[in-house]
Amino acid sequence: MPAEARSRDPLRAVVNIGPSQPELLEDLVQLPKRSRAARLRHLAAVGLLAIKGGAGALAKVAPAPSTSPDASAQRRRDRLVGRLGRVDD
């Protein structure tokens, strides 16, 4: 199969997360089952950015939180958290 055709095919992966990754397991178990794949895709994208772009690129993606966020910053945070699939109780 040509490389062009393979690049358009969706990539499917099965990921087993167990007690050897307690932080990731704790984070994902709180999400609905259908949201977990999206969360893993976003985490993988951030990890890839960290590997390729270093700390400077990560600072642009996730700046340190301020001590008193204004209303627009809070709305932005909520929107981003929603895209990551995280549901705050």
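These numbers were taken from a predicted model, which means no experiment stands behind them. By convention here, the first residue in the shown sequence is residue 1.
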Item to complete: Supply the atom-to-atom distance R76 CZ to D78 CG, rounded to the nearest 0.5 angstrom.
Response: 11.5 Å
Item to complete: Mark yes when over 12 heavy atoms from residues, nucleotides or ligands other than R79 sit less than 6.0 Å from its CZ; otherwise mark no.
Response: yes
Worksheet item: Between CD of Q21 and CG of L28, what distance do you get to the nearest 0.5 Å?
Response: 10.0 Å
Fill in: For the student: nearest non-hydrogen atoms of D27 and L31, plus distance
O-CG, 3.9 Å
Discussion item. Under the rule for side chain to side chain donor-acceptor pair (under 3.5 Å), what residues qualify as partners of S72, not counting sequence neighbours?
Written reply: D70
Fill in: Inter-residue atom distance R39.CZ - L24.CG, 0.5 Å rounding
8.5 Å
